[in-house]
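Dropping the structure in here first, questions after.
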Amino acid sequence: MSREEIAAPEGFKALGDPIRWSIIKQIAEQDELACSLLEDTLPVSKPTISYHTKILAQAGLIEVRKRGRNYFYALRRDALRSLMDELWTMAPGPRLVEEAPTPRHTSESELKPAVGDEGSQQAVLLTW
């Protein structure tokens with residue numbers, strides 16, 4: 001299995017546990033997440049967190065980086081998309097995809113986001 005490929009059964013099995021799902025959600029909110037933050041937010045022990053992150057890493061859903069005595073986790077978004085694509089082949093239909101921004105001239109005032117609008121994204125419904 002190459003780095004780009006992920007076996008669907010292992011991927012879905014890894015995502016099926018509530019603790020691992022919580023870990024994935026927390027990592028997805030950041031580019032990289034320190035293990036110490038997981039220890040503060042999960043109701044399980046350090047060895048249990050290590051067990052769950054090992055399963056996620058073996059399934060190819062996260063990357064683990066060690067720096068000194070600390071571990072950092074990053075979501076492999078390409079692997080997650082691969083899982084979604086494989087699932088989508090079983091139930092095809094209209095699918096929401098993110099629209100690429102169109103280049104245009106912007107003024108300085110347009111570069112500042114409106115209050116409460118920092119995370120807005122535009123989506124387009126594609127059909128075939």
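Treat the numbers as computed from the prediction; the structure is a model and nothing was measured.
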Straight-line distance of K25 NZ to I23 CD1, nearest 0.5 Å: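 If I round to the nearest 0.5 Å, the distance is 12.5 Å.
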Evaluation steps, side-chain contact (heavy atoms from CB on, under 4.5 Å), between T41 and Q26: CA-CA 9 Å; T41 60; Q26 289 182 55; 2.7 Å; yes
Heavy-atom check, side chain of L38 versus side chain of Y73, under 4.5 Å: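 A side-chain contact exists here, since the closest heavy-atom pair is under 4.5 Å.
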Side-chain heavy atoms of L42 within contact of S22, under 4.5 Å: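 Sidechains of S22 and L42: in contact.
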Closest approach of G60 to A79 (non-hydrogen atoms, all atoms of both residues): O-CB, 3.3 Å
Student check: side-chain heavy atoms of L15 and L80 closer than 4.5 Å: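 Yes, close enough: below the 4.5 Å cut-off.
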Shortest non-hydrogen contact from A57 toward V64: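 Heavy-atom minimum between the residues: CB-CG2, 3.9 Å.
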Spacing of CG belonging to L83 relative to CG belonging to D78, to within rounding of 0.5 Å: 10.5 Å
Salt bridge (charged side-chain N to carboxylate O under 4.0 Å, His left out) against R65, all qualifying residues, sequence neighbours excluded: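 Salt bridge (charged side-chain N to carboxylate O under 4.0 Å, His left out) check on R65 returns E32.
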Heavy atoms from other residues, nucleotides or ligands near CG of D31 exceed 12 (cutoff 6.0 Å): no
Side-chain heavy atoms of I27 within contact of L61, under 4.5 Å: no
Heavy-atom pair of closest approach, residues I62 and R76: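 Residues I62 and R76, closest heavy atoms: C-CG, 4.0 Å.
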Contact check, side chains of W21 and H52, non-hydrogen atoms, under 4.5 Å: no
Working for side-chain contact (heavy atoms from CB on, under 4.5 Å), residues I49 and C35: CA-CA 8 Å; I49 292 171; C35 183; 4.2 Å; yes
I55 side chain near D17 side chain, heavy-atom distance below 4.5 Å: no
Exceeds 12 heavy-atom contacts within 6.0 angstrom, atom CZ of F72: yes
N/O donor-acceptor pair under 3.5 Å between R77 side chain and A28 backbone: yes
Y51 OH: over 12 foreign heavy atoms closer than 6.0 Å: no
S82-E86 side chain donor-acceptor pair, cut-off 3.5 Å: no
side-chain contact (heavy atoms from CB on, under 4.5 Å) between Y71 and T53, worked out: CA-CA 10 Å; Y71 286 90; T53 55; over 6 Å; no
